[in-house]
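As structure tokens, the structure follows; a few thoughts come after it.
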2 protein chains.
Amino acid sequence: MLGTVIQAIDRAARVLAALQGSRHLGISELGVILQLPPSTVHGIVKSLQEHGLVVKEPHGQRYMLGPTLLQLSNVYLDTLDVRARAMRWTGDLSERTGLAVRLGVEFFDQVIVIHHEPRPDGTRQMPETGLTIPAHASALGKVLLAYRPAFLQSLLTKVPLRSLTGETLVEPELLEKALVDVVEKGYAVEDEEAVLGEASVAVPVADRDGEAVAAIAVVLPASQQPLADSAMTLLREAARNVSRELGSPTWPPVVATTDD
Amino acid sequence: MLGTVIQAIDRAARVLAALQGSRHLGISELGVILQLPPSTVHGIVKSLQEHGLVVKEPHGQRYMLGPTLLQLSNVYLDTLDVRARAMRWTGDLSERTGLAVRLGVEFFDQVIVIHHEPRPDGTRQMPETGLTIPAHASALGKVLLAYRPAFLQSLLTKVPLRSLTGETLVEPELLEKALVDVVEKGYAVEDEEAVLGEASVAVPVADRDGEAVAAIAVVLPASQQPLADSAMTLLREAARNVSRELGSPTWPPVVATTDD
DNA sequence: ATGAGTATTCGACATTGTCGAATGTGCTTC
DNA sequence: GAAGCACATTCGACAATGTCGAATACTCAT
């Protein structure tokens, strides 16, 4: 059925995606973005509104995403076995390294953070759960690309790769070379490729098939590169512990075969 | 158009709602829940899957909610003016009271937490953003019911009201009486109505129309009722500060007229 | 109050979604 | 490994639904 989706549902999802991008949009604006007549867009938006998936903004005519998405996403997070098992270990990791920790999974050509432990220094930090980062520009993403060749293949159908900073690897050949390195070393480094001034190191989490299904990263200021050996050890231990709880026979994982 | 939604989109939303309830469901199970043939359900699910709104579980045939919901909900939270403005004040409130704080808005017959400040005592607490609570069983909800009569009217079309604990108010007359009290006092109390052992006190947040659009609650153990006067003052100040930033001409808000 | 821009309603009809039948897949048991 | 059962997925006919242009209503700025 892939390739033959229900058009009305596809269009509804594209309305949500447009609102994700631009936040507040009127019917006519959505029509322009989606290349659809206003009356068609109106029908879609009203149908989504009925379920709280979109709402009209409080003082105007434009629409925005709605609260049902928040409720559903809470359930999504609750359903993730890897997240539930990682909570304790990522918490420990953050406490013992003094660093923020991210747990990420594959999300189209990106990685999405499904759990975030802020730096345990008492400062106020923006919650990161739900943030998406291009896979090739993040340590989390590079780990998943390295251990999941199908993910890399899928990504490479979408060249040109986006450049976030001057440090982002956008040449496919350079990226592939870097990913070989990741598998050899068992971890990936991100050095200002996604966010200036920010570095991170990520390692894979393996499931019961022994394949990488997630990645754990610690985040540090770029000026404090490279990561201390002690933190590296704690990072690897956390990932190994999560992997063991998921039933993984081995750690680090095997590189998945591409003909899954 | 309310009442004449696009059926395919309505069905897609109902698939999401079914997965919200039961977490993991196969096509046949969804068919039973939705009263639709498996092949129809399959088309819907595949269309949602294309956009990451549902995924197949890692080792099985059943489906679950997908990561796109997390990304979209992050944007939803980011879009909320009241939340952006409340972040600082709820943070202060939590610090100064030593209590957990919730910011909630109306969500069908419930209230949904759009921001959560954990108790600032360094203990690990479950994140509550995205949690929904029946409106009549929570201080947050009772404030909104009291100041937004249309919300109460909508709720009362859905009797019988659900009982969560032996303390929950389920008689419409008792609830309405309690809500009159809320407006007189300017705050609502929740005393083990939603969760045994848990109490909270909530006050309204007003927007530029001078109407309640959200509520802020502090959460305390039921054994520590009633809330200290000092904390009560801090709670009211936080709500007033958020309201002022939203452009409210007055605080506490007026009770909205029912013919909005 | 007026006008422009936009949202919403309405209804004809073509296209799309639906759904029953057939086929394929996965899992359990022997 | 084979068989059987439960369930998922594919296929295609056709009816119902979604689409979209025209008309109407609403909102906002001047």
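Within every chain, numbering begins at 1; the chains are lettered A, B, ... in the order of the sequence lines, protein sequences first and strands thereafter. Since this is a predicted model, take the numbers as computed values, not measurements. As a basis for the values below, the full set of heavy atoms in this structure was taken, side chains included, without hydrogen atoms, waters or symmetry mates.
The 5' end of DNA chain C is approached more closely, in terms of each residue's nearest nucleotide, by A/Leu25 than by the other of A/Leu25 and A/Ala8.
Rounded to whole Å, atom C1' of D/dA8 lies 7 Å from atom CD1 of B/Ile27. Atom P of nucleotide C/dT8 and atom CD of A/Glu29 are separated by 13 Å, given to the nearest angstrom. As a whole-Å value, the separation of A/Ile6 CD1 from C/dC19 C1' is 12 Å. One atom, NZ of B/Lys46, and another, C1' of C/dT16, lie 20 Å apart when rounded to the nearest Å. Atom C1' of nucleotide C/dG17 and atom CD1 of A/Ile9 are separated by 9 Å, given to the nearest angstrom. Between the C1' atom of C/dG20 and the CG atom of B/Leu36 lies a distance of 14 Å, rounded to the nearest Å. A straight line from CG of A/Asp10 to C1' of C/dT16 spans 13 Å, rounded to a whole angstrom. The separation between A/Arg11 atom CZ and D/dG18 atom P is 12 Å, rounded to whole Å.
Within the 4.5 Å cutoff, the side chain of A/Arg11 has no heavy atoms near those of the A/Leu34 side chain. Taking 4.5 Å as the limit, every side-chain heavy atom of A/Tyr147 sits out of range of all side-chain heavy atoms of A/Leu179. In this structure, the side chains of B/Thr68 and A/Gln20 stay at 4.5 Å or more apart for every pair of heavy atoms. A/Glu57 places none of its side-chain heavy atoms less than 4.5 Å from the side chain of B/Thr79. At a threshold of 4.5 Å between non-hydrogen side-chain atoms, the residues A/His51 and B/Asp10 count as touching. Counting heavy atoms from C-beta on, the side chains of A/Leu72 and B/Ser73 never come closer than 4.5 Å.
In this model, the phosphate group of D/dT9 is not approached by any side-chain N or O of B/Ser39 to a distance below 4.0 Å at OP1 or OP2. A sub-4.0 Å separation between OP1 or OP2 of C/dA7 and a side-chain N or O of A/His42 is absent. For D/dA8, the OP1/OP2 oxygens have a side-chain nitrogen or oxygen of B/Ser28 closer than 4.0 Å.
Side-chain proximity of A/Gln7 to C/dT8, C/dT16, D/dC20: nearest is C/dT16.
A distance-only check finds no donor-acceptor pair linking the side chain of B/Gln110 to the backbone of B/Phe107 [under 3.5 Å]. A donor-acceptor pair is defined here as one N or O able to donate and one able to accept, closer than 3.5 Å; no such pair exists between the side chain of B/Ser154 and the backbone of B/Ala150.
For the side-chain contact (heavy atoms from CB on, under 4.5 Å) with A/Ile216, the lone residue among A/Val143, A/Thr90, A/Val82 that qualifies is A/Thr90.
Within residues 56-64 of chain A, the residues having any heavy atom under 4.0 Å from DNA chain D are, by residue number, A/Gln61.
Where the helix from C/dA1-D/dT30 to C/dC30-D/dG1 starts and where it ends, the local axes point in directions that differ by 70°; five pairs per end, rounded to 10°.
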